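Comments concern the structure below.
Residue numbers run from 1 in the order of the sequence given. Worth knowing before you read on, the calculation uses all heavy atoms, side chains too, and leaves out hydrogens, waters and symmetry mates. Model, not experiment: these values are computed from the prediction.
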Amino acid sequence: MLRISLSRFLHSKRPPLPPRQHGRRLAASFQLPVLPQVTSLAKYSDIPTEKYSLIYSLPHIKLLRAVSRLKLMQTGITMILLPPVYYFYLQGDVSYFLVSYATGIAAFAGLMLYTVSHYLRRVVGMMYLDSSQTTLKVSHLSFWGQRADIYLPVSDVMTVGDAGDSIGESILRLKRYSDPNTLYFSTRFGHVTDTQAFEKVFGTLR
């Protein structure tokens, strides 16, 4: 009797699960844990469309922009004229002295362009502060003489005293705690259009 019952149990076939139910069980067994969504909170606004108020401007930035573009144009013309000089030299139409002179002029123009652009790119033309007074928008010249904007958190900008300058100096440094690069501005040659907002960033003007 025991053998017959055991034989029936071994030969009995368990009814298969429906395909959908079987798939659901597999999916449930291999389901990955749900990770919580993390939303990053910005400490300052870096959106260009944010509303900003002008706090500083340098009227001479237009002149500096013209100088930058003039040096760029001069260097470009020099580089364009250099290949024809070499061509005529290979043809025997010009002397070696003229080739050396043209090469020296081109090299000097390139060096001057790099030097002038190096300093002009660090001159601040305008500064803006957003409505929450947490983001400073700084406008300066690019290598091509175009306007370039950067957005800095006010908490990262050093005051005039922390930068090692005094408010009576002609040239002041715009320094950050997180970046060694330095920009330059001047309260003597430039205009502070909003004293209260300016002091919020750089400290007192007195």
Side-chain angles (χ1 to χ4, degrees), residues 36-76 108-206:
Q37 294 183 352
V38 179
T39 304
S40 59
L41 299 178
K43 295 183 179 180
Y44 65 98
S45 172
D46 58 352
I47 304 175
T49 56
E50 195 76 20
K51 210 170 183 182
Y52 291 88
S53 301
L54 181 68
I55 65 172
Y56 168 85
S57 65
L58 179 66
H60 304 291
I61 194 66
K62 295 180 179 179
L63 176 61
L64 298 179
R65 182 190 305 167
V67 172
S68 177
R69 292 181 177 179
L70 181 62
K71 290 300 300 180
L72 187 65
M73 185 183 303
Q74 179 187 4
T75 305
F108 180 75
L111 180 62
M112 286 299 298
L113 174 65
Y114 175 80
T115 305
V116 171
S117 298
H118 176 77
Y119 289 103
L120 292 184
R121 282 182 296 166
R122 283 161 173 74
V123 177
V124 175
M126 294 180 182
M127 286 189 284
Y128 305 83
L129 196 63
D130 69 335
S131 56
S132 62
Q133 295 188 339
T134 58
T135 305
L136 180 68
K137 176 182 175 182
V138 181
S139 300
H140 63 99
L141 294 178
S142 66
F143 177 82
W144 307 104
Q146 301 291 335
R147 173 173 172 168
D149 296 332
I150 56 176
Y151 300 85
L152 310 174
V154 173
S155 59
D156 190 38
V157 179
M158 294 186 185
T159 61
V160 173
D162 290 344
D165 299 330
S166 61
I167 203 63
E169 296 182 17
S170 300
I171 306 297
L172 301 174
R173 291 176 292 178
L174 196 162
K175 300 185 69 175
R176 287 176 279 174
Y177 294 103
S178 62
D179 195 327
N181 293 325
T182 303
L183 299 175
Y184 299 92
F185 65 99
S186 174
T187 55
R188 178 175 298 182
F189 302 106
H191 299 309
V192 177
T193 58
D194 190 336
T195 304
Q196 185 178 0
F198 187 87
E199 290 181 345
K200 170 73 177 178
V201 181
F202 298 102
T204 180
L205 292 175
R206 302 175 184 84

Legend entry - Side-chain heavy-atom pair H191, P59 within 4.5 angstrom cut-off: yes

Legend entry - Exercise: identify the closest heavy-atom pair between V160 and S166: CG1-C, 3.9 Å

Legend entry - Residue pair L54 / M126, side-chain heavy-atom distance below 4.5 Å: yes

Legend entry - Minimum heavy-atom distance L129-T135, with the two atoms named: CD1-O, 3.3 Å

Inset, instruction - Could you tell me the separation between the CG atom of L63 and the OG atom of S68, rounded to the nearest 0.5 Å? - result: 11.5 Å

Inset, instruction - For residues F198 and T193, determine if any side-chain heavy atom of one lies less than 4.5 Å from a side-chain heavy atom of the other. - result: no

Inset, instruction - Might you point out which heavy atoms bring R173 and A163 nearest each other, and give the distance in Å? - result: NH2-O, 2.5 Å

Inset, instruction - Can you spot which of F189, Y184, F185 makes a side chain to side chain contact (heavy atoms under 4.5 Å, CB included) with L58? - result: F189

Inset, instruction - Heavy atoms only: give me the nearest G145-R65 pair and the separation to one decimal. - result: O-CG, 3.2 Å

Inset, instruction - Please report the closest heavy-atom contact between S178 and D156, naming both atoms and the distance. - result: OG-OD2, 2.6 Å

Legend entry - Heavy-atom side-chain contact between M127 and H140 under 4.5 Å: no

Legend entry - From M73 atom CE to T75 atom OG1, the distance as rounded to the nearest 0.5 Å: 10.5 Å

Legend entry - I61 side chain near L141 side chain, heavy-atom distance below 4.5 Å: yes

Legend entry - salt bridge (charged side-chain N to carboxylate O under 4.0 Å, His left out) partners of R176, counting only residues at least two apart: D179

Legend entry - Interatomic spacing from CG in L136 to CZ in F202 - rounded to 0.5 Å: 5.5 Å

Inset, instruction - Would you give the length of the straight line joining atom CD1 of I150 to atom OG of S139, rounded to the nearest 0.5 angstrom? - result: 9.0 Å

Legend entry - Gap separating the OG atom of S117 from the CZ atom of R69, nearest 0.5 angstrom: 12.0 Å

Inset, instruction - Could you note down all residue pairs passing salt bridge (Lys or Arg N to Asp or Glu O under 4.0 Å) where residues 187-204 supplies at least one of them, sequence neighbours left out? - result: E199-R206

Legend entry - Between CD1 on residue I171 and OG1 on residue T187, distance to nearest 0.5 Å: 9.0 Å

Inset, instruction - Please report the shortest heavy-atom distance between D149 and K137, naming the atom on each side. - result: OD2-CE, 3.5 Å

Inset, instruction - Check the surroundings of atom OH in Y177: do more than 12 heavy atoms from other residues, nucleotides or ligands lie under 6.0 Å from it? - result: yes

Inset, instruction - Assess whether atom OH of Y114 is packed by more than 12 heavy atoms of other residues, nucleotides or ligands within 6.0 Å. - result: no

Legend entry - ring pair (Phe, Tyr, Trp, His ring centres under 6.0 Å) partners of Y128, counting only residues at least two apart: none

